[in-house]
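For reference, positions follow the sequence shown, starting with 1.
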Amino acid sequence: MCGKMDKLKRLLHENIYLYDFALQRSFGQYNKSMETFIESISKIDPIGDYEAFREKMKEIPALPYNDIYAIRRAYGENTLYGHAYNLLEYAGLDRKDIFYTPILEHGIPYSSQFDGTKYKLNNAYIFQGKNNSEAWEREKKQKAYYIGPYIHYCEGIYDAKTIESIKSKNGLTALVFLPHSIETNQFKVDISRVLEEFKKATGSDIKTIIACVYCMDAPNIEEPSDDNIHFVSAGFKLDHNFIRRLRTIMELADVVYYSSFSSSIGYAYYLQKRIICNPTERDYEELGKLVDVTAVEKLKTLHELFGIDAVVDKKAQRSFINQYWGIDEIKSPDEIRCIVDENKRRIKRRLGF
């Protein structure tokens, strides 16, 4: 029975039309409930009204399978964080073109070990940087594209006047990205410790701290009582405006602090923010247990490049960021349109259309 199921899965992964049909039939009710939840929670501004967002996250529909939250379609990964929707808008394409858009890897993996088994679908894939390009060419048959930091392809959620007004009120502002959980692996966040370490590392000249909380953690984190700490979130991970809110949160900051690896580090660099990466030995130990030694090595490299006492080496910083976030790979609207069109032709040609 198990062998037959594996064979069926491989067949579905080869034909995205059949795969999409099967997913819609199997998870139609779940998709509808998620779309209703997304529509509701997207009306809340989790930057200006974090408390309302946190309460709404308690109403999230239960997962019907052991996986991450996503709309169960053939292009499911492209429903995460608004990356694909904003990319299509940037290129002047319709949202319906998401079906033929290559699958965007939604974040930079913690581990540096390439896991080719994750990329099963007979579709092209999009990455930000070329850190895994050699392994991809060696192990995978699908086409890969590299387009640079996703945050390039969207505008913030607040206009320039609103940003200026908030920054004027907040004064010198630091943004703390808290280590976040995923649905299947939980980081345990001691928020008081993170904020205390940040204050020790940066001194007392910071007037406001913005603490950015991942959506899945919002219902479970107890915020310390401090008028100078503002808790925010970029929103629910399936909200099309997630990446736009993330950009706005970064635009409100003067310095961005990390105690762990984050896909947003490259975005902070792209937006020319000062980055401080100041993990503790405990952070290294926990990351090693949860992921692997390569994740620890990557975090140590970030500390060497962006630590509070690091000797600034702009060339080395740019080289590292470019490797994972592809600063040199940014594409024009015409180039994005060509990628989507090429992939559409490839899919149809492989299936005999």
**Student:** Would you say Asp97's side chain and Leu93's backbone share a donor-acceptor pair under 3.5 angstrom?
**Tutor:** no
**Student:** So, taking the atom named CG in Leu80 and the one named OH in Tyr85, what distance separates them when rounded to the nearest 0.5 Å?
**Tutor:** 9.5 Å
**Student:** Just by distance, do the side chain of Ser332 and the backbone of Glu335 share a donor-acceptor pair under 3.5 Å?
**Tutor:** yes
**Student:** Does any part of the side chain of Val296, heavy atoms only, come nearer than 4.5 Å to the side chain of Glu285, both counted from C-beta?
**Tutor:** no
**Student:** State, to 0.1 Å, how close Trp136 and Gln142 come at their nearest heavy-atom pair, and which atoms those are.
**Tutor:** NE1-O, 2.8 Å
**Student:** Tell me whether Glu35 is salt-bridged to Lys32, with the criterion being a basic N under 4.0 Å from an acidic carboxylate O.
**Tutor:** no
**Student:** Can Ile209 and His230 be said to form a side-chain contact (heavy atoms from CB on, under 4.5 Å), step by step?
**Tutor:** CA-CA 6 Å; Ile209 294 176; His230 301 299; over 6 Å; no
**Student:** Can you tell me if CD on Glu164 sees more than 12 non-hydrogen neighbours from other groups inside 6.0 Å?
**Tutor:** no
**Student:** In the single-linkage hydrophobic clustering (I, L, V, M, F, W, Y; side-chain heavy atoms under 4.5 Å), do Tyr19 and Phe21 co-cluster?
**Tutor:** no
**Student:** Do Leu88 and Val340 come close enough that some side-chain heavy atom pair is under 4.5 Å?
**Tutor:** yes
**Student:** Is a side-chain donor or acceptor of Glu329 paired with a backbone partner of Lys130 at a separation under 3.5 angstrom?
**Tutor:** no
**Student:** Between Asn123 and Asn343, is any side-chain donor less than 3.5 angstrom from a side-chain acceptor?
**Tutor:** yes
**Student:** Can you find a heavy atom in the side chain of Asn170 that is under 4.5 Å from one in the side chain of Leu252?
**Tutor:** no
**Student:** Among Lys167, Lys273, Arg274, which residue meets the salt bridge (Lys or Arg N to Asp or Glu O under 4.0 Å) test with Asp254?
**Tutor:** Lys167
**Student:** Can you hop from Leu299 to Val293 via hydrophobic side chains spaced under 4.5 Å?
**Tutor:** no
**Student:** Do the side chains of Ile108 and Phe261 get nearer than 4.5 Å, heavy atoms only?
**Tutor:** yes
**Student:** Look at the side chain of Ser259 and the backbone N and O of Pro279, then say whether any donor-acceptor pair between them is shorter than 3.5 Å.
**Tutor:** no
**Student:** Apply side-chain contact (heavy atoms from CB on, under 4.5 Å) to residues His152 and Lys331 and explain how you reach the verdict.
**Tutor:** CA-CA 9 Å; His152 170 79; Lys331 301 294 187 286; over 6 Å; no
**Student:** Output, in order, the C-alpha distance, side-chain angles, deciding distance and verdict of side-chain contact (heavy atoms from CB on, under 4.5 Å) for Phe27 and Arg73.
**Tutor:** CA-CA 9 Å; Phe27 297 101; Arg73 298 288 302 271; over 6 Å; no
**Student:** Less than 4.0 angstrom from a charged side-chain N to a carboxylate O is my criterion; do Arg138 and Glu134 meet it?
**Tutor:** no
**Student:** With rounding to the nearest 0.5 Å, note down the distance linking SG in Cys215 to OH in Tyr69.
**Tutor:** 10.0 Å
**Student:** What do the steps show when you test Tyr214 against Phe177 for ring-ring contact (aromatic ring centres under 6.0 Å, His included), and what is the final call?
**Tutor:** CA-CA 9 Å; Tyr214 182 55; Phe177 276 97; over 10 Å; no
**Student:** Can you confirm whether Lys140 is buried at NZ, in the sense that more than 12 heavy atoms of other residues, nucleotides or ligands lie under 6.0 Å from that atom?
**Tutor:** yes
**Student:** Just by modelled atom types, is the Thr162 backbone N or O under 3.5 Å from a matching donor or acceptor in the Asp159 side chain?
**Tutor:** yes
**Student:** Looking at Ile243 and Gly82, what are the two nearest heavy atoms and their distance?
**Tutor:** CG2-O, 3.9 Å
**Student:** Which pairs, with at least one residue in residues 307-324 and sequence neighbours excluded, count as a side chain to side chain donor-acceptor pair (under 3.5 Å)?
**Tutor:** Arg318-Asp328, Asn322-Asp328
**Student:** I need the Arg245 CZ to Ser233 OG distance, nearest 0.5 Å.
**Tutor:** 8.0 Å
**Student:** Indicate the atoms forming the closest heavy-atom contact of Cys154 with Arg247, along with that distance.
**Tutor:** O-NH1, 3.0 Å
**Student:** Rounded to the nearest 0.5 Å, what's the gap from CG on Leu287 to OG on Ser260? Could you check?
**Tutor:** 5.0 Å
**Student:** Among residues at least two apart in sequence or on other chains, which ones pass side-chain contact (heavy atoms from CB on, under 4.5 Å) with Ser33?
**Tutor:** Tyr30, Pro61
**Student:** Answer yes when Glu105 and Lys118 have at least one side-chain N-carboxylate O distance shorter than 4.0 Å, and no when they do not.
**Tutor:** yes
**Student:** Quick one: are Leu104 and Tyr125 in side-chain contact, heavy atoms under 4.5 Å?
**Tutor:** no
**Student:** Examine distances only and state if a side-chain atom of Glu251 and a backbone atom of Ile163 form a donor-acceptor pair shorter than 3.5 Å.
**Tutor:** no
**Student:** For the atom pair CZ (Arg72) and CG (Asp20), what is the distance rounded to the nearest 0.5 Å?
**Tutor:** 11.0 Å
**Student:** Could you go step by step and tell me if Thr101 and Tyr75 meet the side-chain contact (heavy atoms from CB on, under 4.5 Å) rule?
**Tutor:** CA-CA 8 Å; Thr101 302; Tyr75 51 84; over 6 Å; no
**Student:** Assess whether a salt bridge exists between Glu304 and Lys300, defined as any Lys/Arg side-chain N lying under 4.0 Å from an Asp/Glu carboxylate O.
**Tutor:** no
**Student:** Taking the side chain as C-beta and beyond, is there a heavy-atom pair between Tyr153 and Ile330 under 4.5 Å?
**Tutor:** yes
**Student:** Between Ile327 and Tyr269, is any pair of side-chain heavy atoms under 4.5 Å apart?
**Tutor:** yes
**Student:** State whether the side chain of Thr248 and the backbone N or O of Ile157 hold a donor-acceptor pair below 3.5 Å, judged by distance alone.
**Tutor:** yes
**Student:** Could you pull out every donor-acceptor pair under 3.5 Å between side chains of residues 42-55 and any protein atom, sequence neighbours left out?
**Tutor:**
residue, atom, partner, partner atom, Å
Ser42, OG, Ile38, O, 3.0
Ser42, OG, Glu39, O, 3.0
Asp45, OD1, Ile47, N, 3.0
Asp45, OD1, Gly48, N, 3.4
Asp45, OD1, Tyr158, OH, 3.4
Asp45, OD2, Gly48, N, 3.3
Asp45, OD2, Tyr158, OH, 2.6
Asp49, OD1, Ala52, N, 3.3
Tyr50, OH, Glu223, OE2, 3.4
Arg54, NH1, Glu223, OE1, 2.7
Arg54, NH1, Glu223, OE2, 2.9
Glu55, OE1, Lys58, NZ, 3.3
Glu55, OE2, Lys58, NZ, 3.1

**Student:** Calculate, to the nearest 0.5 Å, the distance between atoms CE and OH belonging to Met250 and Tyr267 respectively.
**Tutor:** 8.5 Å
**Student:** Could you check whether any side-chain N or O of Asn78 sits under 3.5 Å from a backbone N or O of Ala84, counting only pairs where one atom can act as donor and the other as acceptor?
**Tutor:** no
**Student:** I want to check something: taking the side chain as every heavy atom from C-beta on, are Leu302 and Ile265 in contact at a cut-off of under 4.5 Å?
**Tutor:** yes
**Student:** Check whether NZ of the Lys or CZ of the Arg Lys143 lies under 6.0 Å from the centre of the six-membered ring of Tyr145 and within 45 degrees of that ring's axis.
**Tutor:** yes
**Student:** Under 3.5 Å, is there a donor-acceptor pair between the Lys56 and Ser40 side chains?
**Tutor:** yes
**Student:** Quick one: does Lys207's side chain have a donor or acceptor within less than 3.5 Å of a partner on Thr173's backbone?
**Tutor:** no
**Student:** Output, in order, the C-alpha distance, side-chain angles, deciding distance and verdict of ring-ring contact (aromatic ring centres under 6.0 Å, His included) for Tyr150 and Trp325.
**Tutor:** CA-CA 8 Å; Tyr150 296 149; Trp325 285 272; over 10 Å; no
**Student:** Check step by step if ring-ring contact (aromatic ring centres under 6.0 Å, His included) holds for Tyr17 and Phe99.
**Tutor:** CA-CA 10 Å; Tyr17 295 103; Phe99 188 87; 5.5 Å; yes
**Student:** Taking Gln113 for its side chain and Thr294 for its backbone only, find out whether a donor-acceptor pair lies under 3.5 Å.
**Tutor:** no
